[in-house]
Trainee: 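The structure is given below, and queries will be raised subsequently.
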Protein chains: 2
Amino acid sequence: MHLAHPALRQPVTAADRVLQEIQRAIVEGDIAAGSKISEPELARRFDLSRAPLREALARLERCHLIERIPNAGARVVTLSTAGLLALYQLRENLEGLACKLAAEHMTDAEITEVRLLLDQHLSSQRVREGESYYQEAGDLDFHYRVILGSKNSYLINILCDELYYLVRMYRVQLGMNGPRVSRAFDEHKAIINAIANRDGELADLLMRRHIAASRRNIELQLQQMGS
Amino acid sequence: MHLAHPALRQPVTAADRVLQEIQRAIVEGDIAAGSKISEPELARRFDLSRAPLREALARLERCHLIERIPNAGARVVTLSTAGLLALYQLRENLEGLACKLAAEHMTDAEITEVRLLLDQHLSSQRVREGESYYQEAGDLDFHYRVILGSKNSYLINILCDELYYLVRMYRVQLGMNGPRVSRAFDEHKAIINAIANRDGELADLLMRRHIAASRRNIELQLQQMGS
DNA sequence: TAGGTGTACATTGTCGACAATCCTGCCTGT
DNA sequence: ACAGGCAGGATTGTCGACAATGTACACCTA
């Protein structure tokens, strides 16, 4: 039960490299949502054979960025309100559990580190007055730390490898940068406090609320775009 | 968001077939836990080239039956108390959530069908006095139905595709056939009743308890084997 | 004209061989 | 004797070509 997971590992094989490139391209909408994936075309575009490309596609399917049908090809997933709801239902539960476990298993040193991280976010947020950094890397980074703190390898795998990129895709493509930034920061602070107090139940509750609020925020955005 | 998932789909490609064969072999201990996987050997054994085999290995990694290290090969996972605990921690939470959602989303027809299924289990159990069928296919089948009833595709995917075989592996290799059978049946009955009453909170609670009891049962078995 | 059928094309699945990497055991030097 | 390095063998990663399957368009028939 090793805790270092693939996402942090730097690419060693050609399939790893092309996977990261395609992941980024899909998450940022460079490859349009819902569009068909052509193996020969991508192989030419990234200048490698179909073997490593197919390996990459298999992993893309694993993190729900594409859907494959045997003998018929692959399509990039489409964003939908139903999908968002299903995704966040899961996140609420899983990250709640992660908080509960983190309250049991995180070391004091790890907790201190996360607090330092939050302070960095705060200053960088104030200095730049732009929320994008915080929302982009920071928020996810905080969640990342807490998830790792759960020390449950299956949970870590699901949240950091399989759902992570899909969550990012929704946030990036819907352009999340609203006024929720400072509130999110306070919520993070409250969560790490609960973990530090070894109050798993409270940490669980706070994280669920935090994610529910985030979901409502994105739902609103989706609604505005739809109308 | 389609709800029919790969596990139910019959194999259409060579990779599908060999995947199912290796899955069964690992789950039933035919390929020993912890043993190294040799691609050339397996390719000869199943009489196909390495391309579809590697596809199958990728999916085996996805359901946590093997662990791969780049340029170094793959090993079958080893069973451990820590792994079992982590796995069941997750199951308690996820299947609890599945119950809650099933209470909201299952149709009356689906509920009736599950009840019929339970009655079948009961009679077949009484007739044969052997618990293996029930424990093997039946119990998992009940869980299967409830999970599908949640109508959350991500949740279904995680429980039915990624964790299902690992759970089976623990149960099969530790030879689960204790006196828990009739109690498990009653618990199933109580759960489906709660779902029928649309009491998601109770269904959640009952399922968590049900799985916790199952976990303690297996832990006991593991302890006895260890000593 | 609408529906079904057949053929040609494109795409995916599979194969066997080559290249790159890692592990093993032996050899050498201190 | 032991540590380090060096070759040999084996394994994994990648490639280009072939086979099987699915798709689309034209054609024929009713």
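Below, chains carry the letters A, B, ... as their sequence lines are ordered, and counting in each starts from 1.
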Trainee: Find the distance B/Leu19:CG to C/dG13:P and express it as a whole number of Å.
Mentor: 14 Å
Trainee: From CG of B/Leu57 over to C1' of D/dT11, roughly how many Å is that when rounded to an integer?
Mentor: 13 Å
Trainee: Do any N or O atoms of the protein come closer than 3.5 Å to N or O atoms of nucleotides 14-17 of chain D, and which pairs are they?
Mentor:
from: D/dT14; atom 1: OP1; to: A/Thr13; atom 2: OG1; distance (Å): 2.6
from: D/dT14; atom 1: OP1; to: A/Ala14; atom 2: N; distance (Å): 2.5
from: D/dT14; atom 1: OP2; to: A/Thr13; atom 2: OG1; distance (Å): 3.1
from: D/dC15; atom 1: OP2; to: A/Ser49; atom 2: N; distance (Å): 2.8
from: D/dC15; atom 1: OP2; to: A/Ser49; atom 2: OG; distance (Å): 3.3

Trainee: In whole angstrom, what separates B/Asn71's CG from D/dA10's C1'?
Mentor: 13 Å
Trainee: Rounded to whole angstroms, how far apart are CZ on B/Arg68 and P on C/dC22?
Mentor: 16 Å
Trainee: Any ion pair linking A/Arg62 and A/Asp161 (charged N to carboxylate O, less than 4.0 Å)?
Mentor: no
Trainee: Could you tell me whether the side chain of A/Tyr170 and the main chain of A/Leu84 form a donor-acceptor pair under 3.5 Å?
Mentor: yes
Trainee: When you measure from the side chain of B/Thr112 to the backbone N and O of B/Asp108, does any donor-acceptor pair fall under 3.5 Å?
Mentor: yes
Trainee: From CZ of A/Arg75 over to C1' of C/dT12, roughly how many Å is that when rounded to an integer?
Mentor: 15 Å
Trainee: Is A/Arg145 positioned over the aromatic face of A/Phe142, cation under 6.0 angstrom from the ring centre and no more than 45 degrees off axis?
Mentor: no
Trainee: For A/Ile37, answer base if it contacts any base atom (sugar-phosphate contacts may also be present), sugar-phosphate if it contacts only those atoms, and nothing otherwise; contact means non-hydrogen atoms under 4.0 Å.
Mentor: sugar-phosphate
Trainee: Hey, does the side chain of A/Lys36 come within less than 4.0 Å of C/dT12's phosphate (OP1/OP2), counting only N and O?
Mentor: yes
Trainee: Which pairs would a plain distance check flag for residues 40-53 of chain B, meaning a side-chain donor or acceptor within less than 3.5 Å of a matching protein atom at least two apart in sequence or in another chain?
Mentor:
from: B/Ser49; atom 1: OG; to: B/Ala51; atom 2: N; distance (Å): 3.1
from: B/Arg50; atom 1: NE; to: B/Glu39; atom 2: OE1; distance (Å): 3.1
from: B/Arg50; atom 1: NH2; to: B/Glu39; atom 2: OE1; distance (Å): 3.2

Trainee: Starting from C1' on D/dG22, measure out to CD on A/Glu39 and report it in whole angstrom.
Mentor: 14 Å
Trainee: Taking the cut-offs as 6.0 angstrom to the six-membered ring centre and 45 degrees off its axis, would you call A/Arg168 and A/Tyr165 a cation-pi pair?
Mentor: no
